[in-house]
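Reviewing the structure listed below.
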Amino acid sequence: MPARFDMNAVTATITGSVAVITVDNPPVHALSTPVRSGLIAAVRAVEMDPALQGSVIATAGRTFIAGADIGEMDRPLGEPQLPAVIAAITACSKPLVAALHGSVLGGGLEIALACRARLAEPGTSFGFPEVKIGLIPGASGTQRLLRLTNFDTAVRIVTGGKPVTAIEALRLGLIDQIVDGPVLQAAIDLIASGRAANAQVFPTSLALSEREAARPNPETLEALRAEVTKAARGQRAPLAALALMEATASLPFAEGLAEERAAFLQLRASREAKALRRLFLAERNAGRSPELQGVKPLAIGTLGVVGAGLMGCGIAFAALNAGLRVVLAESSSEAMERGRGRMAELFEAAIQSRRLTSARAAELEAALAITTDFALFRGCDAVIEAVFEDLAVKHEVFAKLEAVVRPDCMLATNTSYLDLDAIAAGLKEPSRFLGLHFFSPAHVMRLLEVVRGAKTSPPVLATGVALGRKLGKIPVITGVCEGFCGNRILKAYRIVAETMVEEGAAPEVVDGAMTDFGFPMGPFAVQDMAGIEIAYANRKLKPALAADGRRLGLVELLVEAGRLGRKNGKGWYAYPEGARQGQPDPDVTALIHADAARRDIPQKTFSQATIREALLAAMRAEGRAILDEGIVARAEDIDLVMVHGYGFPAHKGGPMFGTA
Ligand code: NAI
């Protein structure tokens with residue numbers, strides 16, 4: 001049997017009478033064309049070689065095959081396609097055993113399920129994440145799943161896209177054994193001993209395909225459909241998966257396969273899949289920039305955070321979870337104690353929701369120092385400031401920091417709206433300074449705007465990006481302008497939303513247009529959540545913006561009427577005790593009408609489509625300006641910001657998708 005197939009994408013070694021076929025396409029062994037053709041050739045070679053009893057399918061490195069090559073998907077399908085690989089595996093008369101570790105996802109799981117047996121290391125995870133890129137499994141995944149587990153479970157695995165653990169996979173029958181020792185050797189032994197060939201223990205794929213598929217339970221099917229529909233939030237792929245699995249549950253395997261492939265191909269060409277693929281690739285590219293080519297980031301082991309408020313604690317918690325040591329400083333011992341309480345709540349919530357074990361939480365807490373003593377920042381590789389949004393306070397903090405930190409320590413601000421270069425102007429060494437704009441809650445939200453100041457040096461910018469990655473964030477590089485990328489676009493569409501309300505569209509109608517489009521909340525509900533007084537204060541700070549009184553009227557009227565948002569039970573909506581959602585409030589309607597009458601604003605009626613188009617157009621126009629001014633380099637980056645920071649529905653691609 002040859003040792004290499006298709007230019008090394010797949011290799012084979014022989015141990016006694018067993019071949020080990022190794023897929024080698026780092027980093028995640030995606031199923032690129034050479035991998036697919038190499039696998040077919042290798043499996044055929046095993047079949048042809050009379051000295052071989054069977055073969056293991058394995059991978060080198062940190063994971064098994066983690067799915068398709070998404071970069072290939074915008075091109076026409078390359079031959080051989082994945083179903084041909086699966087067909088070659090199932091046609092092999094000798095037992096093929098999958099030796100699994102890391103992530104076994106998408107096409108990787110389809111390959112594993114087509115093998116005669118599956119052995120996995122304890123930490124392995126298994127899943128069909130295809131819906132996340134607008135697809136469903138397209139090479140027997142749904143059909144094999146329906147023959148291994150019950151209907152509801154199979155549907156949830158495919159429509160949810162979330163991976164399951166090895167223990168869960170064993171329980172569901174997706175794998176045959178969890179192996180504590182070296183999994184590769186166990187797979188070799190299984191074949192060499194002849195046990196893998198025992199069809200009683202490990203049914204052939206023919207036997208599996210002859211099984212009947214799990215049928216939907218008529219009593220729970222509608223509840224399942226409602227669950228999937230709700231979670232899909234207007235996305236097509238999960239519903240397509242459910243429809244397919246429902247329709248094929250009563251079909252023979254071969255017919256089910258054909259239906260699955262047809263549905264897959266249809267989705268692959270859809271706008272939704274294109275949008276999600278583009279975001280997937282944009283996420284991978286985030287933070288890459290020609291100016292950073294070859295620039296080495298500084299190593300960050302200990303992070304300082306100034307201000308143990310809402311944001312500072314979230315940032316500190318994210319950093320601890322990423323394995324950093326953290327120094328968190330406050331201005332007074334009372335504020336420090338409040339910060340300590342906040343950190344304890346974050347740990348407690350993580351333990352309650354099982355994201356951390358108590359033991360791990362204790363380890364992380366041991367890596368945290370809460371203090372009022374800025375001298376502790378001397379040991380930090382970077383310090384992020386998250387104190388009050390006030391230029392004078394920020395200047396004072398950075399002056400204190402510069403007096404204690406090492407010369408190579410990176411300094412960052414989490415400011416939302418202040419002029420980053422005005423903050424930098426107070427620094428002795430502005431080249432080590434940049435913006436790291438987190439989103440609230442900072443330990444949850446994945447977006448991070450990495451803001452390049454006028455004097456930020458490339459290594460410092462690269463360090464901001466690398467730190468973001470380390471914290472599990474999506475680091476988008478932006479330049480300095482008011483609100484950076486995200487808040488600037490938010491402001492642009494809020495102005496349009498407010499104008500429409502002044503002209504007769506009720507806040508709930510505007511919000512409804514956006515939630516129907518796929519946003520989790522409309523602009524007014526969001527503003528109620530954040531607190532209307534933030535916009536109010538901002539406008540007061542910048543009187544130039546208030547020159548057009550017409551635009552700024554409502555926010556001011558609301559705040560001056562004591563309506564701050566959710567926090568005091570009334571804002572654009574009313575929030576009676578216990579209400580989970582805001583309710584339209586006749587007082588607000590009256591206030592809006594009186595204002596319109598006073599200012600003589602002609603009233604109109606707006607259709608949902610008009611509202612939606614106007615708001616999307618406002619986002620696009622602001623996005624275009626941001627690109628033209630060079631604040632952000634790529635349209636995809638703007639879409640990442642809006643999807644991951646502002647709830648723009650991912651399956652719609654972002655405001656810039658399709659605008660070329
Ligand atoms: P916060 O009011 O919850 O926390 C600020 C903390 O800074 C307080 O605990 C205060 O005691 C402390 N502080 C004030 N002066 C200090 C000093 N001289 N030394 C040490 N600590 C000091 O405010 P929040 O919401 O955490 O905001 C902090 C920064 O993050 C602001 O610049 C804000 O614009 C920005 N930001 C806020 C977001 C949000 O959603 N709240 C989102 C993104 C950025």
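Ligands are counted one by one from 1 in listed order, and the atoms in each one are counted from 1 as well.
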Between [X] and [Y] (side chain of the first, backbone of the second, donor and acceptor by atom type, cut-off under 3.5 Å), is there such a pair?
X	Y	answer
Arg634	Asn285	yes
Asp595	Leu591	no
Thr515	Pro520	no
Glu429	Pro407	no
Glu402	Lys428	yes

Tell me whether Lys394 reaches ligand 1 (any heavy atom closer than 4.0 angstrom to a ligand atom). yes

So is Phe439 close enough to ligand 1, meaning a heavy atom under 4.0 angstrom away? no

Ring-plane angle category for Tyr493 and Phe519, please: parallel below 30°, perpendicular beyond 60°, tilted otherwise. tilted

Hits for salt bridge (Lys or Arg N to Asp or Glu O under 4.0 Å) against Glu508, two or more places apart or cross-chain, chain-then-number order -> none

Short list, please: which atoms of ligand 1 are under 4.0 Å from a heavy atom of Val397? 17 (C), 18 (N)

In terms of atom number and element, which parts of ligand 1 are under 4.0 angstrom from non-hydrogen atoms of Gly307? 7 (O), 12 (C), 21 (N)

When you measure from atom 26 (O) of ligand 1 to the protein, is at least one non-hydrogen atom found at a distance under 4.0 Å? yes

For Pro297, check side chain to side chain contact (heavy atoms under 4.5 Å, CB included) against everything at least two apart and list the hits. Ala462, Thr463, Ala466

Ignoring hydrogens and angles, state whether a donor on the side chain of Tyr573 or Gln581 is under 3.5 Å from an acceptor on the partner side chain. no

Which heavy atom of the protein is the closest neighbour of [atom], given with residue, atom name and distance?
atom	answer
atom 4 (O) of ligand 1	Gly309 CA, 3.2 Å
atom 2 (O) of ligand 1	Phe388 CE2, 3.5 Å
atom 16 (C) of ligand 1	Val387 CG1, 3.6 Å
atom 3 (O) of ligand 1	Leu310 N, 3.0 Å
atom 36 (N) of ligand 1	Ser416 OG, 3.2 Å
atom 5 (C) of ligand 1	Ala386 O, 3.7 Å
atom 40 (O) of ligand 1	Ser440 CB, 3.3 Å
atom 8 (C) of ligand 1	Glu330 OE2, 3.4 Å

Is it the side chain, the backbone, both or neither of Val306 that has a heavy atom closer than 4.0 Å to ligand 1? side chain

Part of Tyr417 within contact of ligand 1 (heavy atoms, under 4.0 Å): neither

Identified salt bridge (charged side-chain N to carboxylate O under 4.0 Å, His left out) partner of Asp381 from the options Arg406, Arg432, Lys470: Arg406

Centroid-centroid under 6.0 Å between His437 and Phe439 rings: yes

Judged by heavy atoms only, the candidate from Met336, Met311, Glu396 nearest atom 42 (C) of ligand 1 is Met311

Check each of His437, Glu449, Glu389 against atom 32 (O) of ligand 1 and report the one with the nearest heavy atom. Glu389

